[in-house]
Amino acid sequence: MIDSNPPLLHHFRALSSPNPPPPNLKCQVMEECQLPLIDLSGLNSNDLACAAAICRASSEWGFFQVVNHGISVELLKKMRREQELLFQTPFERKSTCGLLNNSYRWGGSTTATSPKHFSWSEAFHIPLTKVSEESYYGEFISLREVMTEFATAMSKLARLLANILIENLRHQRDAIDDICDESTCFLRLNHYPACPISAEIFGLVPHTDSDFLTILYQDQVGGLQLMKDSKWVAVKPNQDALIVNIGDLFQAWSNDVYKSVEHKVMTNGKKERYSIAYFLCPSYDSLIGSCKETSIYKQFTFGEYRKQVQEDVKKTGHKVGLPRFLL
């Protein structure tokens with residue numbers, strides 16, 4: 001039988017040698033949290049409490065979940081089916097055929113030199129500018145149509161939420177449209193194969209997102225954890241909700257009013273997991289300065305920030321992020 005999964009076990013053991021983790025560890029008991037749940041239907045009636053709840057969750061949690069978000073259940077299900085078919089493609093084909101703009105990656109960082117920098121996952125990283133290009137899909141013709149519709153819906157939702165957060169900071173609504181464009185926004189399709197060797201292996205290593213905000217559509221397997229009150233808590237999946245989290249750029253732009261919170265994904269010993277993330281990003285030359293006169297961060301462009309993050313990961317295996325830009 002042709003294997004569709006990348007050689008994660010082989011690579012992980014090479015990094016772990018000569019002391020690989022013991023097999024089949026029991027999962028650590030983890031406190032499970034219910035993220036703030038916000039019904040976006042209130043925005044249709046100009047419900048101020050709905051907008052206030054979004055801003056409060058972004059400040060207190062850095063994460064929240066939304067229902068009645070305007071993206072149909074049918075579209076989400078179609079996107080999930082197409083995603084599963086894509087990842088069931090044989091590994092050799094995924095990694096060599098140039099599919100989806102040659103964006104296939106596995107194991108997380110290609111520079112991982114130890115297990116703590118290794119992610120037990122595979123992903124396609126797709127710029128929005130490439131989503132509708134027919135030549136990038138090969139035989140996955142139906143994926144193009146669904147993903148184009150999905151990307152448009154997620155982009156609309158991301159901008160709606162971002163403008164609410166901006167308006168709360170006493171800035172003009174729709175200002176996000178002057179900062180963000182599709183040239184840097186992207187989708188990431190994630191697949192986390194079952195990992196039978198340990199319960200302590202990362203599906204995705206701890207990190208913060210280097211964007212304005214992220215919207216996540218995930219399945220019901222679970223595994224997402226975030227840092228809350230200086231401890232890791234597990235996020236309870238909600239089949240009706242999308243998860244939203246604040247990125248580094250919104251934290252800097254809001255002068256720490258909104259919080260970009262560290263999060264990670266842990267593996268599952270028996271079940272595979274799927275998720276899709278939409279990342280709202282500014283143009284590379286957009287200046288990220290504080291919305292307040294007295295800023296705690298140096299001004300920087302998104303391009304400068306991305307470059308510094310990449311250099312840090314290459315040198316140290318992990319992201320330093322915003323602390324490097326403190327005044």
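- With no hydrogens or angles considered, a side-chain donor-acceptor pair links S283 and S286 at under 3.5 Å.
- If you take CG on N101 and OG on S135, they are separated by 8.5 Å, rounding to the nearest 0.5 Å.
- F186 is not listed as a side-chain neighbour of I126, based on a closest heavy-atom distance of 4.5 Å or more.
- Taking 4.0 Å as the cut-off between side-chain N and carboxylate O, K231 and E31 count as a salt-bridged pair.
- Residues L216 and A277 approach most closely at CD1-CB, 4.0 Å, considering heavy atoms.
- At distances below 3.5 Å, at least one donor-acceptor pair connects side-chain atoms of T316 with backbone N or O atoms of H318.
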**Request:** Just do the side chain to side chain contact (heavy atoms under 4.5 Å, CB included) check on H207 and K264 with the steps written out, would you?
**Result:** CA-CA 6 Å; H207 66 287; K264 61 184 178 179; 5.5 Å; no
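- Note on ring orientation: taking the six-membered ring where Trp is involved, the planes of F124 and F87 are tilted (angle from 30° to 60°).
- Residues W106 and F91 meet the side-chain proximity criterion, which asks for heavy atoms closer than 4.5 Å.
- For the residue pair D209 and T214, a side-chain donor N or O sits within less than 3.5 Å of a side-chain acceptor on the partner.
- Residues Y137 and L85 fall into different hydrophobic clusters, defined by Ile, Leu, Val, Met, Phe, Trp and Tyr side chains chained together at heavy-atom separations under 4.5 Å.
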**Evaluation steps, ring-ring contact (aromatic ring centres under 6.0 Å, His included), between Y305 and F325** = CA-CA 9 Å; Y305 190 70; F325 290 84; 5.3 Å; yes
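- With hydrogens and angles ignored, the 3.5 Å screen pairs no side-chain donor or acceptor of Q218 with any backbone N or O of L242.
- For residues 235-262, the set of pairs meeting the salt bridge (Lys or Arg N to Asp or Glu O under 4.0 Å) definition, not counting sequence neighbours, comprises D248-K319.
- Side-chain contact annotation: N163 with E167, donor-acceptor N/O pair under 3.5 Å absent.
- Between atom CE of residue M266 and atom SG of residue C195 there is a gap of 9.0 Å, rounded to the nearest 0.5 Å.
- Put simply, the side chain of S59 never gets that close to the backbone of R56: no donor and acceptor are under 3.5 Å apart.
- In the hydrophobic clustering of this structure, L161 does not group with F279; members are Ile, Leu, Val, Met, Phe, Trp, Tyr whose side-chain heavy atoms approach within less than 4.5 Å, directly or through other members.
- Residue L48 places its CG atom among 12 or fewer non-hydrogen atoms of other residues, nucleotides or ligands, all under 6.0 Å distant.
- Across A241 and Q65, no two heavy atoms sit closer than the pair CB-OE1, 3.7 Å.
- Taking the side chain as every heavy atom from C-beta outward, M79 and L143 approach each other to under 4.5 Å.
- To the nearest 0.5 angstrom, L169 atom CG is 9.5 Å from N255 atom CG.
- L249 contributes atom CG, which lies 10.0 Å from atom CD of Q251 (distance to the nearest 0.5 angstrom).
- The line from CG of L204 to OG1 of T267 is 11.5 Å long, rounded to the nearest 0.5 Å.
- When only modelled atom types and interatomic distance are considered, S41 and D39 share a side-chain donor-acceptor pair under 3.5 Å.
- In this structure, CZ on F12 lies 10.5 Å from OG on S119, to the nearest 0.5 angstrom.
- Under the 4.5 Å side-chain heavy-atom criterion for grouping Ile, Leu, Val, Met, Phe, Trp and Tyr, V309 is not connected to L287 through any hydrophobic cluster.
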**Message:** Walk me through whether L40 and L157 qualify under side chain to side chain contact (heavy atoms under 4.5 Å, CB included).
**Reply:** CA-CA 10 Å; L40 295 187; L157 176 59; 3.7 Å; yes
**Message:** Applying side chain to side chain contact (heavy atoms under 4.5 Å, CB included) to N190 and V265, what does each step give before you reach the verdict?
**Reply:** CA-CA 11 Å; N190 302 304; V265 175; over 6 Å; no
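- Within the cation-pi definition used here (under 6.0 Å to the ring centroid, within 45° of the axis), R80 qualifies as a partner of Y217.
- Ring pair F212/F250 is perpendicular by interplanar angle, where above 60° counts as perpendicular and below 30° as parallel.
- Judged by distance alone, the side chain of H10 and the main-chain N or O of L8 form no donor-acceptor pair under 3.5 Å.
- Side chains of D219 and S275 form no contact here, defined as non-hydrogen atoms less than 4.5 Å apart.
- Under 3.5 Å, the side chains of Y284 and E304 contain no donor-acceptor pair of N or O atoms.
- If you check the side chains of E82 and S142, you find a donor sitting under 3.5 Å from an acceptor.
- Counting only distance, with no hydrogens or angles, the side chain of W120 and the backbone of I201 share no donor-acceptor pair below 3.5 Å.
- Taking all atoms of both residues into account, the shortest heavy-atom contact from A151 to V131 is CB-CG1, 4.3 Å.
- Side-chain N or O atoms of K130 include none that pairs as donor or acceptor with a backbone N or O of L100 at under 3.5 Å.
- Ionic pairing of R93 and E139 is present here: one or more N-O contacts between side-chain nitrogen and carboxylate oxygen are shorter than 4.0 angstrom.
- Contact detail for V233 and C33: the closest heavy-atom pair is CG2-SG, 3.7 Å.
- By the rule that hydrophobic residues join a cluster once side-chain heavy atoms approach within less than 4.5 Å of another member, V67 and L224 end up as members of separate clusters.
- Between Y274 and E84, the side chains place no donor N or O within less than 3.5 Å of an acceptor N or O (distance only, hydrogens not considered).
- Checking side-chain atoms of T89 against main-chain N and O of L86 turns up a donor-acceptor pair under 3.5 Å.
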**Request:** List the steps and the verdict of side chain to side chain contact (heavy atoms under 4.5 Å, CB included) for F302 and D285.
**Result:** CA-CA 6 Å; F302 180 47; D285 59 356; over 6 Å; no
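- Looking at heavy atoms from C-beta onward, I288 lies out of side-chain contact with T301 at the 4.5 angstrom threshold.
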**Request:** Would you please test K94 and E122 for salt bridge (Lys or Arg N to Asp or Glu O under 4.0 Å) and show each step?
**Result:** CA-CA 10 Å; K94 284 185 291 192; E122 58 180 340; 2.9 Å; yes
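- M147 is listed as a side-chain neighbour of L187, based on a closest heavy-atom distance under 4.5 Å.
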**Request:** Give the C-alpha distance, both sets of side-chain angles, the deciding distance and a yes or no for side-chain hydrogen bond (donor to acceptor under 3.5 Å, both in side chains) between Y258 and N168.
**Result:** CA-CA 11 Å; Y258 306 136; N168 181 59; 2.9 Å; yes
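- Closest non-hydrogen pair, S260 versus T208, comes out as OG-CB, 3.5 Å.
- No continuous path of hydrophobic side-chain contacts links I243 to V221 [ILVMFWY only; heavy atoms under 4.5 Å].
- The shortest distance between side-chain heavy atoms of L327 and K298 falls below 4.5 Å.
- Of the possible donor and acceptor atoms, one in the side chain of S103 sits under 3.5 Å from a partner among the backbone N and O of H125.
- Looking at M227 and H263, their side chains never come closer than 4.5 Å, going by heavy atoms from C-beta outward.
- Pairing each heavy atom of N238 with each of Q34, the nearest pair is ND2-NE2, 4.2 Å.
- Take Y192 and apply the ring pair (Phe, Tyr, Trp, His ring centres under 6.0 Å) test, not counting sequence neighbours, and it matches no residue.
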